[in-house]
Amino acid sequence: MLNTRHIPFSPPWQISDVDKPDQPKATELDARLAVARFAELPIVIAEDDLVSRTLIRNLMEKWGFKTVFAQDGHEAMKALRAEQGPALAILDWMMPEMDGLQVCRRIRESEKMVYVIMLTSCGTKENIVEGLHAGADDYLIKPFDKNELLARIQVGFRILELHGALAARVKELEGAAAEIGDLKLRIPL
(Lines give C-alpha, C1' and ligand atoms only; values in the text may rest on other atoms or scores of the structure.)
Protein backbone atom coordinates (compact mmCIF):
# COMPACT_ATOMS: atom_id res chain seq x y z
CA MET A 1 0.00 0.00 0.00
CA LEU A 2 1.25 3.49 -0.92
CA ASN A 3 1.95 5.83 1.99
CA THR A 4 0.45 9.18 0.93
CA ARG A 5 1.10 11.12 4.14
CA HIS A 6 4.43 12.48 2.89
CA ILE A 7 3.31 13.44 -0.62
CA PRO A 8 2.93 17.24 -0.71
CA PHE A 9 -0.06 18.69 -2.55
CA SER A 10 0.54 21.66 -4.83
CA PRO A 11 -1.79 23.26 -7.36
CA PRO A 12 -0.78 22.37 -10.94
CA TRP A 13 0.68 25.81 -11.64
CA GLN A 14 3.04 25.50 -8.66
CA ILE A 15 4.35 21.97 -9.20
CA SER A 16 7.27 23.11 -11.37
CA ASP A 17 8.14 25.79 -8.77
CA VAL A 18 8.83 23.30 -5.96
CA ASP A 19 12.54 22.94 -6.75
CA LYS A 20 13.19 26.66 -7.42
CA PRO A 21 11.03 28.83 -5.15
CA ASP A 22 13.09 32.02 -5.64
CA GLN A 23 13.42 31.90 -9.42
CA PRO A 24 10.55 33.14 -11.60
CA LYS A 25 9.46 30.88 -14.43
CA ALA A 26 10.09 32.03 -17.98
CA THR A 27 6.33 32.13 -18.58
CA GLU A 28 5.56 34.06 -15.39
CA LEU A 29 4.24 37.51 -16.29
CA ASP A 30 4.49 40.64 -14.22
CA ALA A 31 1.19 42.52 -13.98
CA ARG A 32 2.76 45.69 -12.54
CA LEU A 33 3.62 47.14 -15.95
CA ALA A 34 0.11 46.60 -17.28
CA VAL A 35 -1.47 47.99 -14.13
CA ALA A 36 0.77 51.06 -14.26
CA ARG A 37 -0.15 51.77 -17.89
CA PHE A 38 -3.83 50.90 -17.72
CA ALA A 39 -4.81 51.53 -14.10
CA GLU A 40 -7.87 53.60 -15.04
CA LEU A 41 -9.34 51.18 -17.59
CA PRO A 42 -11.91 48.95 -15.90
CA ILE A 43 -12.26 45.21 -16.31
CA VAL A 44 -15.88 44.02 -16.12
CA ILE A 45 -16.04 40.35 -15.18
CA ALA A 46 -19.28 38.43 -15.63
CA GLU A 47 -19.18 35.00 -14.00
CA ASP A 48 -22.10 33.22 -12.33
CA ASP A 49 -20.06 30.39 -10.77
CA LEU A 50 -18.93 31.35 -7.25
CA VAL A 51 -15.70 29.31 -7.38
CA SER A 52 -14.61 30.76 -10.73
CA ARG A 53 -15.61 34.28 -9.68
CA THR A 54 -13.61 33.97 -6.44
CA LEU A 55 -10.56 32.65 -8.30
CA ILE A 56 -10.70 35.47 -10.86
CA ARG A 57 -11.36 38.07 -8.13
CA ASN A 58 -8.26 36.89 -6.21
CA LEU A 59 -6.12 37.09 -9.35
CA MET A 60 -7.38 40.58 -10.22
CA GLU A 61 -6.78 41.82 -6.67
CA LYS A 62 -3.29 40.29 -6.69
CA TRP A 63 -2.54 41.97 -10.02
CA GLY A 64 -4.06 45.30 -8.90
CA PHE A 65 -6.55 45.87 -11.73
CA LYS A 66 -9.66 48.03 -11.38
CA THR A 67 -12.49 45.48 -11.60
CA VAL A 68 -16.27 45.34 -11.54
CA PHE A 69 -17.88 41.94 -10.94
CA ALA A 70 -21.24 40.80 -12.27
CA GLN A 71 -23.10 37.55 -11.66
CA ASP A 72 -25.02 37.56 -14.94
CA GLY A 73 -25.26 39.24 -18.32
CA HIS A 74 -27.70 41.94 -17.20
CA GLU A 75 -25.35 43.09 -14.44
CA ALA A 76 -22.45 43.03 -16.92
CA MET A 77 -24.35 45.23 -19.42
CA LYS A 78 -25.30 47.64 -16.62
CA ALA A 79 -21.65 47.86 -15.52
CA LEU A 80 -20.42 48.40 -19.08
CA ARG A 81 -23.01 51.12 -19.73
CA ALA A 82 -21.94 52.89 -16.52
CA GLU A 83 -18.31 53.16 -17.67
CA GLN A 84 -17.58 56.41 -19.50
CA GLY A 85 -14.68 55.29 -21.65
CA PRO A 86 -13.41 52.03 -23.10
CA ALA A 87 -13.38 48.89 -21.02
CA LEU A 88 -12.28 45.29 -21.07
CA ALA A 89 -14.84 42.55 -20.38
CA ILE A 90 -14.22 38.96 -19.35
CA LEU A 91 -17.43 37.01 -19.92
CA ASP A 92 -18.55 33.52 -19.09
CA TRP A 93 -20.65 31.98 -21.85
CA MET A 94 -23.21 30.16 -19.71
CA MET A 95 -24.95 32.52 -17.29
CA PRO A 96 -28.57 32.83 -16.17
CA GLU A 97 -30.98 35.17 -17.98
CA MET A 98 -28.48 36.68 -20.47
CA ASP A 99 -25.49 34.59 -21.54
CA GLY A 100 -22.08 35.81 -22.64
CA LEU A 101 -22.92 35.57 -26.35
CA GLN A 102 -25.93 37.86 -25.91
CA VAL A 103 -23.75 40.33 -23.98
CA CYS A 104 -21.20 40.28 -26.82
CA ARG A 105 -23.87 40.96 -29.42
CA ARG A 106 -25.35 43.84 -27.41
CA ILE A 107 -21.93 45.39 -26.86
CA ARG A 108 -21.24 45.30 -30.60
CA GLU A 109 -24.66 46.79 -31.37
CA SER A 110 -23.95 49.67 -28.97
CA GLU A 111 -20.67 50.45 -30.78
CA LYS A 112 -18.98 51.13 -27.42
CA MET A 113 -15.28 50.26 -27.39
CA VAL A 114 -15.02 47.13 -25.27
CA TYR A 115 -12.41 44.41 -25.67
CA VAL A 116 -14.21 41.13 -24.92
CA ILE A 117 -12.54 37.96 -23.69
CA MET A 118 -14.81 34.92 -23.49
CA LEU A 119 -13.66 32.76 -20.58
CA THR A 120 -15.67 29.57 -20.72
CA SER A 121 -15.65 25.81 -20.44
CA CYS A 122 -17.20 25.52 -23.93
CA GLY A 123 -14.09 24.46 -25.76
CA THR A 124 -15.01 22.91 -29.08
CA LYS A 125 -13.91 24.53 -32.33
CA GLU A 126 -17.58 25.27 -33.08
CA ASN A 127 -17.93 27.06 -29.73
CA ILE A 128 -14.85 29.16 -30.39
CA VAL A 129 -16.08 30.15 -33.84
CA GLU A 130 -19.55 30.97 -32.49
CA GLY A 131 -18.09 33.08 -29.67
CA LEU A 132 -15.86 35.04 -32.03
CA HIS A 133 -18.74 35.53 -34.49
CA ALA A 134 -20.88 36.86 -31.65
CA GLY A 135 -18.34 39.62 -31.08
CA ALA A 136 -15.70 38.28 -28.71
CA ASP A 137 -12.18 39.53 -29.43
CA ASP A 138 -10.49 36.62 -27.67
CA TYR A 139 -11.46 33.22 -26.32
CA LEU A 140 -9.99 31.36 -23.35
CA ILE A 141 -11.07 27.89 -22.22
CA LYS A 142 -11.46 26.83 -18.58
CA PRO A 143 -9.50 25.64 -16.76
CA PHE A 144 -7.17 28.46 -17.73
CA ASP A 145 -3.57 29.33 -16.99
CA LYS A 146 -3.30 32.53 -14.94
CA ASN A 147 -0.36 33.78 -17.02
CA GLU A 148 -2.27 33.23 -20.24
CA LEU A 149 -5.21 35.21 -18.83
CA LEU A 150 -2.88 38.04 -17.82
CA ALA A 151 -1.22 38.01 -21.27
CA ARG A 152 -4.62 38.22 -22.97
CA ILE A 153 -5.68 41.07 -20.69
CA GLN A 154 -2.49 42.91 -21.61
CA VAL A 155 -3.21 42.35 -25.31
CA GLY A 156 -6.71 43.75 -24.79
CA PHE A 157 -5.34 46.85 -23.09
CA ARG A 158 -2.86 47.39 -25.94
CA ILE A 159 -5.70 47.14 -28.47
CA LEU A 160 -7.79 49.63 -26.46
CA GLU A 161 -4.79 51.98 -26.27
CA LEU A 162 -4.26 51.78 -30.05
CA HIS A 163 -7.97 52.36 -30.65
CA GLY A 164 -7.86 55.45 -28.43
CA ALA A 165 -4.81 56.83 -30.27
CA LEU A 166 -6.45 56.17 -33.63
CA ALA A 167 -9.70 57.85 -32.55
CA ALA A 168 -7.76 60.91 -31.35
CA ARG A 169 -5.89 61.09 -34.67
CA VAL A 170 -9.13 60.82 -36.64
CA LYS A 171 -10.57 63.68 -34.59
CA GLU A 172 -7.47 65.79 -35.33
CA LEU A 173 -7.76 65.03 -39.05
CA GLU A 174 -11.46 65.90 -39.08
CA GLY A 175 -10.63 69.23 -37.42
CA ALA A 176 -7.90 69.89 -40.00
CA ALA A 177 -10.26 69.01 -42.85
CA ALA A 178 -12.89 71.40 -41.48
CA GLU A 179 -10.26 74.16 -41.21
CA ILE A 180 -9.16 73.53 -44.82
CA GLY A 181 -12.80 73.74 -45.89
CA ASP A 182 -13.15 77.11 -44.13
CA LEU A 183 -9.96 78.39 -45.79
CA LYS A 184 -11.22 77.38 -49.24
CA LEU A 185 -14.27 79.57 -48.72
CA ARG A 186 -12.14 82.56 -47.71
CA ILE A 187 -9.50 82.40 -50.44
CA PRO A 188 -10.69 83.83 -53.77
CA LEU A 189 -9.91 81.68 -56.77
Side-chain angles (χ1 to χ4, degrees), residues 27 29-49 52-53 55-57 59-171:
T27 57
L29 294 177
D30 188 359
R32 290 177 294 184
L33 295 174
V35 171
R37 278 180 69 193
F38 308 109
E40 295 304 311
L41 290 176
I43 301 176
V44 175
I45 299 165
E47 174 63 66
D48 64 321
D49 178 59
S52 295
R53 193 169 56 246
L55 174 67
I56 295 169
R57 181 184 308 267
L59 285 172
M60 295 299 153
E61 286 175 4
K62 176 184 170 190
W63 293 333
F65 289 116
K66 175 184 171 186
T67 54
V68 178
F69 283 87
Q71 294 184 26
D72 60 42
H74 289 295
E75 287 181 19
M77 285 304 301
K78 184 178 175 183
L80 288 166
R81 286 187 191 114
E83 294 299 333
Q84 297 301 312
L88 189 139
I90 300 174
L91 306 174
D92 184 20
W93 182 321
M94 295 180 286
M95 294 184 289
E97 297 184 38
M98 185 188 310
D99 66 22
L101 291 183
Q102 292 170 313
V103 174
C104 279
R105 289 185 187 106
R106 289 191 181 184
I107 289 169
R108 297 305 173 222
E109 288 170 3
S110 73
E111 297 182 11
K112 180 178 173 112
M113 187 56 202
V114 178
Y115 189 88
V116 177
I117 300 171
M118 289 293 292
L119 179 59
T120 179
S121 57
C122 301
T124 67
K125 297 288 183 198
E126 292 82 14
N127 294 136
I128 295 168
V129 169
E130 187 177 0
L132 294 172
H133 275 287
D137 297 297
D138 204 345
Y139 200 99
L140 192 57
I141 300 167
K142 295 177 188 175
F144 61 91
D145 178 78
K146 65 180 182 175
N147 291 306
E148 185 177 4
L149 176 61
L150 178 58
R152 290 171 188 251
I153 290 170
Q154 290 172 332
V155 167
F157 281 146
R158 286 195 307 266
I159 297 294
L160 291 172
E161 184 178 51
L162 289 171
H163 181 271
L166 182 60
R169 186 68 177 138
V170 166
K171 193 172 185 174

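- Atom-to-atom distance recorded for Lys62:NZ and Leu59:CG is 7.0 Å, nearest 0.5 angstrom.
- Here the straight-line distance linking atom CD1 of Ile90 with atom CD1 of Ile56 works out to 6.5 Å at 0.5 Å rounding.
- The distance from atom CG of Leu91 to atom CD of Glu47, rounded to the nearest 0.5 Å, is 10.0 Å.
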Practice task
Take Ile153 and Met60 through the test side-chain contact (heavy atoms from CB on, under 4.5 Å) and record every step on the way to the result.
Solution key: CA-CA 11 Å; Ile153 290 170; Met60 295 299 153; 3.4 Å; yes
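- Ring pair Phe157/Phe65 is tilted by interplanar angle, where 30° to 60° counts as tilted.
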Show the atom names and distances, to 0.1 Å, of all donor-acceptor pairs under 3.5 Å that link a side chain in residues 95-107 to residues at least two apart or in another chain.
from	atom 1	to	atom 2	distance (Å)
Asp99	OD1	Leu101	N	3.1
Asp99	OD1	Gln102	N	2.8
Gln102	OE1	Asp99	N	2.9

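- Between Tyr115 and Asp138, the closest side-chain pair of non-hydrogen atoms falls below 4.5 Å.
- Separating the CG atom in Leu149 from the CD1 atom in Ile117 is a distance of 6.0 Å, to the nearest 0.5 Å.
- Trp93 approaches Cys122 most closely through the heavy-atom pair CE3-CB, 3.9 Å.
- Taking 4.5 Å as the limit, every side-chain heavy atom of Arg152 sits out of range of all side-chain heavy atoms of Phe144.
- Side-chain contact check for Asn127 versus Ile141: every heavy-atom pair is 4.5 Å or farther apart.
- At a threshold of 4.5 Å between non-hydrogen side-chain atoms, the residues Arg158 and Val155 count as touching.
- Asp92 and Lys142 are joined by a salt bridge, as a carboxylate oxygen and a charged side-chain nitrogen come within less than 4.0 angstrom of each other.
- Both the sub-6.0 Å distance and the 45° axial angle are satisfied by Arg57 relative to the ring of Phe69.
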With a cut-off of 3.5 Å and sequence neighbours excluded, list every side-chain donor-acceptor pair involving residues 72-88.
from	atom 1	to	atom 2	distance (Å)
Asp72	OD1	His74	N	3.0
Asp72	OD1	Glu75	N	2.9
Glu75	OE1	Gln71	N	2.9

